[in-house]
Structure formats: C-alpha cells, structure tokens
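Supplied in structure tokens, the structure appears directly below.
Below, each value reflects all heavy atoms present in this structure, side chains not excepted, and no hydrogens, waters or symmetry copies.
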Amino acid sequence: MTAAQQHHRLNAVREHVRARGRRWTVAKSAVVEVLIGAAGHLSAQQVYDTVSSRFPQIDRSTVHRVLLTLADEHVVHILGRQGEARYGMADEAHHHAVCARCGIEVEIPAALISPALAAAATATGFRFDSASITLAGICQNCTAA
C-alpha cells in the first residue's frame with residue numbers, strides 16, 4: 001500500500017469516528033497508523049512498541065484503551081489467538097483463516113465468504129453478523145511438512 005493510500009485510509013477512518021460523534025486523538029491516530037501499516041494483525045504489545053517509538057508519552061494502558069475503543073467503534077476487530085488478542089483494521093471487509101498448527105493468519109476477501117453466508121442464512125433463518133469470521137484449518141506449509 002502506498003503512503004497516499006495509507007493517508008486516504010487514515011482520513012476515512014478519522015471521518016468514520018468523528019461521524020459517530022467520537023473524539024479523534026493523537027493516540028487514536030497513532031494506533032490506526034500502526035495497524036494500517038502492519039502486514040497482519042498485531043498484539044496490543046506490538047502496537048504499543050511501535051507507537052511508543054514515535055510517541056513516548058503514550059503509555060501501554062492508553063494503547064490498550066484505544067484498541068478497545070476502536071473495536072467498539074467498529075474500526076478494528078479483535079482476533080483471538082491462544083491467550084493473546086490480536087488487532088487488525090476492520091474498515092475493509094474481510095475474514096480470516098488461521099492455521100491450527102503454526103498459527104499463521106491469512107485474510108480472506110469478504111466477497112468469497114458472502115455466498116456461503118447467504119446460503120446459511122436462507123437455510124437457517126438466521127441473520128448473521130458477518131463482521132468477522134475466523135476459519136480454522138491447516139495451512140499449505142504445514143500440510144506439506
């Protein structure tokens with residue numbers, strides 16, 4: 001992702017938060033910038049380590065509170081992983097596949113899952129919250145090993 005794309009994405013997230021009547025702070029901006037720039041989902045500690053290198057005045061508890069607030073605002077989602085929550089951006093629809101052996105996480109475009117959700121909704125009469133679905137399985141590397 002280019003710097004211009006990251007900047008555009010950050011602006012869109014900021015406007016989303018403000019449109020809900022919420023404050024946009026330096027800490028929120030720093031956390032969102034870290035998550036946008038990340039190659040995958042990060043733990044709160046990983047986010048803090050990156051944020052504190054640029055903003056030493058932002059402490060660990062602030063980063064944790066910001067992550068939880070951003071999750072409440074539907075800006076990030078929380079992916080559980082063996083006792084450690086991992087955070088990723090939720091502004092672009094996607095789901096996850098997690099390897100049960102090595103723990104690698106891969107994003108799945110929402111368009112690939114949507115037909116299955118529609119079929120399941122029709123069959124069950126449920127309306128699904130498809131904000132984030134996590135599928136467990138064995139990745140190619142572990143299957144080949």
Side-chain angles (χ1 to χ4, degrees), residues 1-100 102-141:
M1 180 179 301
T2 68
Q5 290 169 321
Q6 288 179 347
H7 183 71
H8 175 74
R9 196 168 172 193
L10 178 66
N11 286 337
V13 169
R14 183 180 61 239
E15 292 309 312
H16 170 81
V17 169
R18 286 181 172 165
R20 292 174 161 227
R22 303 287 183 103
R23 291 181 45 222
W24 185 257
T25 64
V26 171
K28 278 185 184 178
S29 183
V31 167
V32 170
E33 284 181 42
V34 168
L35 292 173
I36 288 172
H41 295 74
L42 302 176
S43 68
Q45 182 65 46
Q46 290 169 313
V47 174
Y48 169 73
D49 290 344
T50 306
V51 166
S52 66
S53 69
R54 286 187 53 215
F55 300 96
Q57 72 276 19
I58 298 176
D59 64 24
R60 186 182 330 247
S61 63
T62 299
V63 169
H64 185 71
R65 279 193 311 273
V66 166
L67 286 166
L68 294 176
T69 299
L70 290 171
D72 286 343
E73 294 169 348
H74 304 286
V75 172
V76 303
H77 54 232
I78 303 171
L79 188 61
R81 181 176 170 190
Q82 297 183 342
E84 183 179 66
R86 301 179 72 76
Y87 299 84
M89 293 301 297
D91 60 325
E92 295 176 351
H94 66 277
H95 304 289
H96 305 93
V98 178
C99 180
C102 70
I104 190 170
E105 300 160 354
V106 178
E107 292 186 357
I108 305 168
L112 296 176
I113 302 293
S114 295
L117 278 176
T122 299
T124 63
F126 276 74
R127 187 177 59 142
F128 294 105
D129 171 16
S130 61
S132 182
I133 296 172
T134 302
L135 302 171
I138 308 296
C139 73
Q140 274 185 318
N141 291 337

Pair Q46-T50, side-chain donor/acceptor within less than 3.5 Å: no
Polar contact flag, side-chain donor to acceptor under 3.5 angstrom, N11-E15: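 Their side chains do not contain a donor-acceptor pair, so the 3.5 Å distance test is not met.
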Exercise: identify the closest heavy-atom pair between Q6 and G37: NE2-CA, 3.7 Å
Test item: V32 and M89 side chains (from C-beta on) under 4.5 Å apart, heavy atoms: yes
Geometric class of the H94/H96 ring pair [parallel <30°, tilted 30-60°, perpendicular >60°]: perpendicular
Spatial distance of atom CG (L67) from atom OG1 (T62) [nearest 0.5 Å]: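 OG1 of T62 is found 11.0 Å from CG of L67.
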From H7 atom NE2 to E33 atom CD, the distance as rounded to the nearest 0.5 Å: 9.5 Å
Y48 versus D59, closest heavy-atom pair with distance: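 Taking Y48 first and D59 second, the nearest heavy atoms are CE1-C, 3.5 Å.
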Nearest-0.5 Å distance that lies between atom CD1 in I36 and atom CG in L10: 5.0 Å
CD (Q57) with more than 12 external heavy atoms under 6.0 Å: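 More than 12 within 6.0 Å, yes.
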Heavy-atom closest pair, residues S52 and I58: CB-O, 4.4 Å
Contact summary for A110 and H95, nearest pair of heavy atoms: CA-CD2, 3.7 Å
Straight-line distance of L117 CG to L112 CG, nearest 0.5 Å: 11.5 Å
Evaluation steps, side chain to side chain contact (heavy atoms under 4.5 Å, CB included), between L68 and Y87: CA-CA 9 Å; L68 294 176; Y87 299 84; 4.0 Å; yes
Mutual orientation of the aromatic rings belonging to H41 and H77 [parallel < 30°, tilted 30-60°, perpendicular > 60°]: parallel
Heavy-atom side-chain contact between H16 and W24 under 4.5 Å: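 Result no, sub-4.5 Å side-chain heavy-atom pair not found.
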Spatial distance of atom CD1 (I108) from atom CG (L135) [nearest 0.5 Å]: 4.5 Å
Over all atoms of both residues, closest heavy-atom pair of C102 and C139: SG-SG, 3.8 Å
Side chain proximity check, F55 to V31, heavy atoms < 4.5 angstrom: no
Contacts of type side-chain contact (heavy atoms from CB on, under 4.5 Å), residue R22, not counting sequence neighbours: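 In terms of side-chain contact (heavy atoms from CB on, under 4.5 Å), with neighbours along the sequence ignored, R22 is linked to V17, R20, K28, T69, E73.
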Distance in Å, I78 CD1 paired with R86 CZ, rounded so as to fall on 0.5 Å steps: 13.0 Å
